[in-house]
Amino acid sequence: MQTPCIHLCSLEPATGFCAGCGRTLQEIGSWVSYSDTERRGIMALLPARLASAAAVSNHWKTGLSSRPERPL
């Protein structure tokens with residue numbers, strides 16, 4: 001069975017996608033019960049998901065680092 005898992009499992013709160021493979025928690029949990037066709041369909045979506053998740057992550061990092069520091 002094909003799987004996109006790269007053993008870098010961490011769900012990104014902003015997107016709900018795994019940072020490693022791009023799947024949702026529901027997709028990860030149901031992976032073995034999906035048909036080959038369903039798995040291929042999900043896998044076709046993953047590159048775009050990972051790219052959009054990276055853009056969201058970079059936006060947050062950039063936004064945080066560009067704020068002026070507040071004195072304590």
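Hydrogens, waters and symmetry mates are skipped; everything else that's a heavy atom, side chains included, is used. What you see is a predicted model, and the numbers here were worked out from it, not measured in a lab.
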**Q** With clusters built from Ile, Leu, Val, Met, Phe, Trp and Tyr whose side-chain heavy atoms come within less than 4.5 Å, directly or transitively, what are the remaining members of the cluster of L11, listed by chain and number?
**A**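 Once heavy-atom contacts under 4.5 Å are chained together, L11 belongs with L25.
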
**Q** For Q26, check side-chain hydrogen bond (donor to acceptor under 3.5 Å, both in side chains) against everything at least two apart and list the hits.
**A**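 Partners of Q26 under the side-chain hydrogen bond (donor to acceptor under 3.5 Å, both in side chains) test: S30.
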
**Q** Taking side-chain hydrogen bond (donor to acceptor under 3.5 Å, both in side chains) as the test, write out the residues that go with T3, two or more places apart.
**A**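 If we apply the side-chain hydrogen bond (donor to acceptor under 3.5 Å, both in side chains) test to T3, skipping adjacent residues, there are no hits.
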
**Q** Check this for me: does any side-chain nitrogen of one of R49 and E12 sit under 4.0 Å from a carboxylate oxygen of the other?
**A**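 Between E12 and R49 there is no salt bridge, as every charged N stays at least 4.0 Å from the carboxylate O atoms.
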
**Q** Tell me, please, which residues at least two apart from S35 pass side-chain hydrogen bond (donor to acceptor under 3.5 Å, both in side chains).
**A**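 Here the qualifying residues are E38.
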
**Q** Can you list the other members of the hydrophobic cluster that holds I42, where links are side-chain heavy atoms under 4.5 angstrom apart?
**A**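 Reading the cluster by chain and number, I42 sits alongside M1, W31, V32, Y34, M43, L46.
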
**Q** Give the minimum heavy-atom separation between L50 and C18, together with the two atoms involved.
**A**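 L50 and C18 have their closest heavy atoms at CD2-O, 3.9 Å.
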
